[in-house]
There are 4 protein chains.
Amino acid sequence: METPPDTTPGSPSGAAPSGQPLRKGAKSQKELVEIAIDCFARYGYQGSSVDRIAKAAGVTKGALYYHFKDKEALLAATVADRVAAFEHRVQQAVSGASCPQALRRIASVCIDHAQLGDHPRFAITLMVESIETNAEVSIQLREMMRRFRAFIRNLISTGQDRGEIRPDADATAAAAAYNSVILGAEIQYYQDPDRFAFKPAIETFLDQLLVDLTRGMPTTDATSGGELKE
Amino acid sequence: METPPDTTPGSPSGAAPSGQPLRKGAKSQKELVEIAIDCFARYGYQGSSVDRIAKAAGVTKGALYYHFKDKEALLAATVADRVAAFEHRVQQAVSGASCPQALRRIASVCIDHAQLGDHPRFAITLMVESIETNAEVSIQLREMMRRFRAFIRNLISTGQDRGEIRPDADATAAAAAYNSVILGAEIQYYQDPDRFAFKPAIETFLDQLLVDLTRGMPTTDATSGGELKE
Amino acid sequence: METPPDTTPGSPSGAAPSGQPLRKGAKSQKELVEIAIDCFARYGYQGSSVDRIAKAAGVTKGALYYHFKDKEALLAATVADRVAAFEHRVQQAVSGASCPQALRRIASVCIDHAQLGDHPRFAITLMVESIETNAEVSIQLREMMRRFRAFIRNLISTGQDRGEIRPDADATAAAAAYNSVILGAEIQYYQDPDRFAFKPAIETFLDQLLVDLTRGMPTTDATSGGELKE
Amino acid sequence: METPPDTTPGSPSGAAPSGQPLRKGAKSQKELVEIAIDCFARYGYQGSSVDRIAKAAGVTKGALYYHFKDKEALLAATVADRVAAFEHRVQQAVSGASCPQALRRIASVCIDHAQLGDHPRFAITLMVESIETNAEVSIQLREMMRRFRAFIRNLISTGQDRGEIRPDADATAAAAAYNSVILGAEIQYYQDPDRFAFKPAIETFLDQLLVDLTRGMPTTDATSGGELKE
DNA sequence: TATGAATGAGTCTTCATTCAT
DNA sequence: AATGAATGAAGACTCATTCAT
């Protein structure tokens with residue numbers, strides 16, 4: 001069970017911070033969080049020693065402790081960051097879309113998110129790891145999932161109100177299924193990126209879901225999954 | 001990140017073994033594996049110290065090391081056990097069923113498995129944790145998932161050959177979606193057993209999937225998900 | 001600091017025990033001692049776990065504990081065995097020889113002993129290791145060395161009485177030097193068997209010693225080191 | 001096989017370091033090495049637990065691991081230190097001396113070294129222990145011994161070139177004998193400091209050796225071992 | 001006579017955390 | 001704002017020893 005050393009990344013989020021060039025190893029709090037996210041996503045909380053994170057960031061442990069009370073505080077910061085980013089992204093994706101369109105766009109966002117390696121895997125890894133070992137994080141991530149499911153459910157309900165979705169559909173169950181496919185597909189993709197048919201799995205599901213939800217409704221473009229093409 | 005102490009379970013497999021009483025707290029190798037599975041499933045590999053497992057089993061660390069070369073060997077034994085059990089269970093479920101029936105039955109088996117707490121969560125927890133930290137286990141679990149997807153794909157292909165499934169369906173993508181819902185639903189269930197609509201999520205998916213796969217085919221009973229009732 | 005596994009030796013002392021063929025792994029106390037000597041000689045006391053010795057002997061630890069109260073008792077048995085064997089060998093070598101001859105023969109015995117791998121290294125290894133860690137063994141080996149030095153000293157004194165050795169020689173110092181070369185040469189030989197000139201070192205010393213001790217005495221054959229040829 | 005606890009020594013190198021007082025029990029890397037040498041010399045590698053060394057140094061195990069990657073790295077540091085110190089001492093001893101003088105001086109250095117308890121026994125203890133258990137250290141010490149033998153051999157060869165030593169002497173064998181006596185005498189001295197005639201043993205050998213090597217050569221003062229008096 | 005199973009103390013090592021500077 | 005040095009608790013693993021059979 002050894003884990004390979006982390007290749008010290010530069011600023012992971014692309015462009016260097018504008019303005020004053022920070023001195024040797026100096027990192028802003030935000031950057032430390034980004035790097036911690038990378039570690040936690042890859043190795044989990046227990047698998048990421050403070051020293052490993054510090055080394056990946058090119059600073060000493062002391063620097064981390066200067067910015068964060070303890071390891072859990074660092075974790076909390078990363079979780080908060082990821083949750084906010086995810087919800088922001090989802091909000092962006094749906095603005096002004098019909099329900100079917102929104103469902104396709106959100107899925108698309110999740111796929112991109114997972115494949116572009118922003119900080120993929122983070123939520124899933126921590127979700128699984130923290131269920132029995134870190135109540136606070138577990139609750140935060142559970143709440144995030146609840147909000148996400150509620151969001152999807154609302155999307156569908158609103159679609160029903162708008163006449164885009166058949167009124168007798170079970171919005172809660174549909175949302176649960178929707179979430180499940182995305183989550184399950186992501187895990188399989190992380191586990192086996194070369195052989196798991198990531199996008200087809202989600203597209204297949206979406207096609208079926210939308211056929212089902214819009215059965216007997218006036219046709220819209222979005223029903224026939226046009227937007228998921230890369 | 002404290003984890004509660006494990007309440008020492010009695011012989012987990014039900015009745016005490018009649019006959020020869022071993023030494024104080026003596027446990028057979030098989031029993032040790034069962035208990036280790038419990039721990040790994042709950043706390044992950046890194047979260048399960050050898051001492052914790054030993055205490056849960058009511059033996060000392062030395063006893064564990066007598067039976068297993070090291071912690072990884074114990075892990076390997078648990079993984080092998082779970083993989084075999086899962087595949088056996090799936091085999092059982094499908095014997096003599098039509099494709100649609102088989103897909104419903106396998107889902108049913110997974111749901112029961114997850115809810116009855118046999119040793120739920122084990123595969124998912126280890127799958128996520130081991131991706132970057134334990135190549136051997138990661139490979140074993142990846143192979144298991146590949147086999148499972150191939151199995152589902154074959155089920156569908158066979159269904160196509162038999163005329164149960166529409167011939168132009170994409171068996172690979174359908175299998176990937178099928179796997180995804182189950183996996184994703186399980187995680188959400190473990191994370192939020194009280195609020196996640198486990199069975200409805202999977203049923204909703206299955207109904208849609210089977211409607212899609214059997215479109216234009218002669219109707220069978222299994223299409224209308226009768227068997228998923230508990 | 002890993003040590004290679006011991007290749008399970010058969011009966012190391014050559015011929016199988018006459019009479020009843022012992023059953024699987026059964027070993028006489030004598031045989032266990034021989035094997036323990038091998039281990040202790042190679043890896044030292046601390047480096048030879050009871051399990052390692054047992055495995056080398058093809059028995060279980062329990063069997064060792066049946067024959068010997070504890071690990072130290074086994075050690076004591078090996079030390080006693082080696083000390084007795086060494087002193088016996090030396091006694092044999094000198095019987096009926098003149099002092100110079102005896103000194104050559106004893107050296108010869110030591111060289112053969114070291115090179116033929118009877119149980120070489122044992123005394124040295126244990127001597128060095130036990131100085132601070134095992135008073136009993138240390139004393140036993142110290143006594144052995146004292147006896148050996150006294151023996152050599154007596155040999156020389158007797159030689160002086162007999163007129164073989166010049167009377168003003170310092171028998172004690174000569175004995176000390178004699179012992180030193182043998183001991184020091186053995187260590188260097190064990191450490192570097194391919195490159196250390198084992199026999200020449202001792203021969204050179206012996207030649208000089210005997211020239212010195214017999215200075216002004218009537219010449220004997222033994223003075224001119226004939227017997228050390230292999 | 002119990003070993004007495006080490007009496008925590010103060011700063012072993014004499015006066016306390018003036019100036020900056022470090023943390024409670026803080027020791028410089030150099031000091032840790034000195035203390036480790038003491039322990040290894042006395043109890044060997046296996047007999048010196050990291051905890052024992054740490055306690056002897058008045059620090060915690062963690063402090064040791066802060067400075068040295070693992071126990072073997074600490075060992076390596078001690079070996080390197082000792083080898084360098086020994087070779088330096090020998091170099092010093094011979095500068096500008098004739099061959100016979102040099103041989104006497106080096107012996108003198110070894111005797112002082114052993115008796116003044118600088119860090120005696122270290123090389124011998126580790127040499128014997130590491131032969132089968134630590135290839136790296138074994139090689140380092142073997143190389144040191146080879147260099148030392150070569151050094152003595154060169155000394156003699158040079159003496160031959162200069163006309164101090166008889167040209168038909170076997171320099172290699174003489175060097176081997178020289179080394180052997182010193183090594184063997186040291187061991188016996190460590191084993192039995194009260195009763196082993198340390199200096200006489202070596203002097204006796206040296207006298208004989210120099211008589212032999214300078215046979216037929218113009219006399220020098222050094223031949224008649226004046227300098228070995230304490 | 002010997003084994004298989006187990007114990008508990010001890011060993012090497014890691015890690016979260018602290019703190020003087 | 002950050003570092004270097006250190007701590008102490010915990011973790012993986014070993015080992016001498018015991019004992020029922």
Side-chain angles (χ1 to χ4, degrees), chain A residues 1 22-29 46 48-54 59-72 74, chain B residues 1 20-29 32 46-54 58-74, chain C residues 1 22-29 46 48-54 59-72 74, chain D residues 1 20-29 32 46-54 57-72 74:
Chain A
M1 273 276 186
L22 301 179
R23 65 182 64 195
K24 170 217 144 197
K27 287 283 190 308
S28 75
Q29 205 150 326
Q46 306 193 80
S48 303
S49 74
V50 173
D51 203 49
R52 159 176 270 184
I53 298 169
V59 299
T60 58
K61 279 182 291 186
L64 277 181
Y65 276 91
Y66 178 78
H67 289 291
F68 304 93
K69 183 184 153 293
D70 57 17
K71 198 185 169 190
E72 294 219 26
L74 176 56
Chain B
M1 274 274 185
Q20 72 288 41
L22 301 175
R23 259 231 245 184
K24 172 210 152 198
K27 290 279 192 303
S28 76
Q29 206 151 326
L32 294 177
Q46 305 192 80
S48 303
S49 74
V50 173
D51 203 49
R52 159 175 271 184
I53 298 170
V59 298
T60 56
K61 277 181 292 182
L64 275 181
Y65 278 96
Y66 178 77
H67 290 290
F68 303 94
K69 187 185 150 295
D70 56 18
K71 199 185 168 190
E72 294 218 27
L74 177 56
Chain C
M1 273 273 187
L22 300 180
R23 64 184 64 195
K24 168 217 146 199
K27 288 283 194 305
S28 75
Q29 204 149 327
Q46 305 192 81
S48 304
S49 74
V50 173
D51 203 49
R52 158 175 271 184
I53 298 169
V59 298
T60 57
K61 278 182 290 186
L64 277 181
Y65 276 92
Y66 177 79
H67 288 292
F68 303 95
K69 183 183 153 293
D70 57 18
K71 197 185 169 189
E72 294 219 25
L74 176 55
Chain D
M1 275 272 186
Q20 71 287 41
L22 301 175
R23 260 231 245 182
K24 171 211 152 198
K27 290 281 191 306
S28 76
Q29 206 150 327
L32 294 178
Q46 306 192 80
S48 303
S49 75
V50 173
D51 203 49
R52 157 175 273 183
I53 298 170
V59 298
T60 57
K61 278 180 290 182
L64 275 182
Y65 277 94
Y66 177 77
H67 290 289
F68 303 94
K69 187 187 149 292
D70 56 17
K71 198 185 168 189
E72 293 218 28
L74 176 56

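Order of the sequence lines sets the chain letters (A, B, ...), proteins ahead of strands, with each chain counted from 1.
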Nearest-angstrom distance from the residue atom [atom1] of [X] to [atom2] of [N]:
{"X": "Phe68(C)", "N": "dA2(E)", "atom1": "CZ", "atom2": "P", "result": "11 Å"}
{"X": "Leu64(B)", "N": "dG8(E)", "atom1": "CG", "atom2": "P", "result": "14 Å"}
{"X": "Asp51(D)", "N": "dA10(F)", "atom1": "CG", "atom2": "P", "result": "16 Å"}
{"X": "Tyr66(D)", "N": "dA6(F)", "atom1": "OH", "atom2": "P", "result": "8 Å"}
{"X": "Asp70(A)", "N": "dC19(E)", "atom1": "CG", "atom2": "P", "result": "14 Å"}
{"X": "Ile53(B)", "N": "dC13(F)", "atom1": "CD1", "atom2": "C1'", "result": "14 Å"}
{"X": "Arg52(B)", "N": "dG11(F)", "atom1": "CZ", "atom2": "P", "result": "9 Å"}
{"X": "Tyr65(A)", "N": "dT7(F)", "atom1": "OH", "atom2": "P", "result": "17 Å"}

From OG (Ser48(B)) to CD1 (Ile53(B)), nearest 0.5 Å: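 These two atoms lie 5.0 Å from each other.
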Earlier contact from the 5' end, DNA chain E, for Val50(D) and Lys61(C): Lys61(C)
Upstream residue (5' side of DNA chain E) when Lys69(A) and His67(C) are each assigned their closest nucleotide: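 Of the two residues, His67(C) wins.
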Among dA16(F), dT3(E), dA12(F), the nucleotide that comes nearest once only the side chain of Lys71(C) is considered: dA16(F)
Partner residues of Asp51(A) under the side chain to side chain donor-acceptor pair (under 3.5 Å) criterion, sequence neighbours left out: Lys55(A)
Secondary structure of DNA chain E in dot-bracket form (Watson-Crick or G-U wobble, distances below 3.5 Å, | marking inter-strand pairs): .||||||||||||||||||||
Review item, side-chain donor-acceptor pairs of residues 59-69 of chain B, under 3.5 Å, at least two apart:
unit_1	atom_1	unit_2	atom_2	d
His67(B)	ND1	Gln29(B)	OE1	3.2

Given DNA chain F, 5'-ward residue of the pair Ser49(B) and Ser48(C), judged by closest heavy atom: Ser49(B)
